[in-house]
Amino acid sequence: QVQLVESGGGSVQAGGSLRLSCAASGYTSEVNYMGWFRQAPGKYREAVAAAYIGGISTYYADSVKGRFTISQDNAKNTVYLQMNSLKPEDTAMYYCAARSQEWVSLRWPQDYDYDYWGQGTQVTVSS
C-alpha cells in the first residue's frame, strides 16, 4: 500500500504561483509513475502532469505547458507541482496519484491506470 498526502493549495490572484507537494509513504519503492490531476466543479477530472519516478520523463497537459513544472525528490518520496502564471481556469481540486504496477504501454498512464490517490488540495485563482 502507498499513502499520498497533498499540500500547498490555496487562493491566489491570477498571475500568481503556488507549489503543491505530494508526500508518499508506505511501499514507495514500488511506485513507478506519479501524476497530478485536477477536477473543477461540473467538469471531468483531467491530467495535469506526470513523472516517471527515478527518471527524467515527464508529461504535461497542453493547457499547463510552460507554466507548470513537475519535479521529484526521491530522498523525501515527494513529488512537487510548481504552478506559475496561474489563471482562473486553473481553479480546481488537485489530486496526486501513484502507480505501482509495471507500466509497459507507450502512452502515459491515464487516471484509471493509477493505483493510489491522495485526498486532494484546493487551488483557487481569482481574476
(request) Quick one: list whatever passes side-chain contact (heavy atoms from CB on, under 4.5 Å) with Ser105, sequence neighbours left out. (result) Trp103, Arg107
(message) For a quick check under 3.5 Å, do Thr78 and Asp73 share a side-chain donor-acceptor pair by atom type?
(response) no
(request) For Ser85, enumerate each residue passing the side-chain contact (heavy atoms from CB on, under 4.5 Å) test, keeping only those at least two apart in sequence or located in another chain. (result) Arg67
(message) Is the shortest side-chain heavy-atom distance between Ile70 and Tyr59 below 4.5 Å?
(response) no
(request) Write down the atom of Val31, the atom of Ala98, and the distance for their closest heavy-atom approach. (result) CG1-CB, 4.0 Å
(request) Under the ring pair (Phe, Tyr, Trp, His ring centres under 6.0 Å) rule, collect the residues that match up with Tyr52, sequence neighbours excluded. (result) Tyr33
(message) Under the criterion side chain to side chain contact (heavy atoms under 4.5 Å, CB included), I'd like the reasoning laid out for Cys96 against Met34: C-alpha separation, chi angles, the key distance, then a yes or no.
(response) CA-CA 7 Å; Cys96 174; Met34 291 189 72; 3.5 Å; yes
(message) Who clusters with Tyr44? Use side-chain heavy atoms, under 4.5 angstrom, across I, L, V, M, F, W and Y, and order the result by chain and number.
(response) none
(message) Measuring from atom OG of Ser7 to atom OH of Tyr80, what distance do you get when rounded to the nearest 0.5 angstrom?
(response) 8.5 Å
(request) Evaluate side-chain hydrogen bond (donor to acceptor under 3.5 Å, both in side chains) for Arg38 paired with Tyr94, printing each intermediate quantity in order. (result) CA-CA 4 Å; Arg38 67 186 181 187; Tyr94 283 70; 2.9 Å; yes
(message) Parallel, tilted or perpendicular, judged at 30° and 60°: which one describes the rings of Tyr114 and Phe37?
(response) perpendicular
(request) Please name all residues satisfying side-chain contact (heavy atoms from CB on, under 4.5 Å) with Asp115, sequence neighbours left out, ordered by chain then number. (result) Arg99, Ser100, Gln101
(request) Decide yes or no on salt bridge (charged side-chain N to carboxylate O under 4.0 Å, His left out) for Lys87 and Asp90, but give the supporting numbers first. (result) CA-CA 5 Å; Lys87 304 175 181 180; Asp90 294 318; over 6 Å; no
(message) Looking only at side-chain N and O atoms, does Asn84 offer a donor or acceptor that is under 3.5 Å from a partner on Gln82?
(response) yes
(request) For residues Gln72 and Ala51, report the shortest heavy-atom separation together with the two atoms involved. (result) NE2-CB, 4.0 Å
(request) Search all heavy atoms of Ala24 against all heavy atoms of Val2 and return the closest pair with its distance. (result) CB-CG1, 4.3 Å
(request) Apply side-chain hydrogen bond (donor to acceptor under 3.5 Å, both in side chains) to Asp111 and list each qualifying residue two or more places apart in sequence or on a separate chain. (result) Arg45
(request) Give the minimum heavy-atom separation between Ala49 and Tyr60, together with the two atoms involved. (result) CB-CD2, 3.8 Å
(message) Same cluster or not: Leu18 versus Tyr95, using hydrophobic residues (I, L, V, M, F, W, Y) connected whenever any side-chain heavy atoms lie under 4.5 Å apart?
(response) no
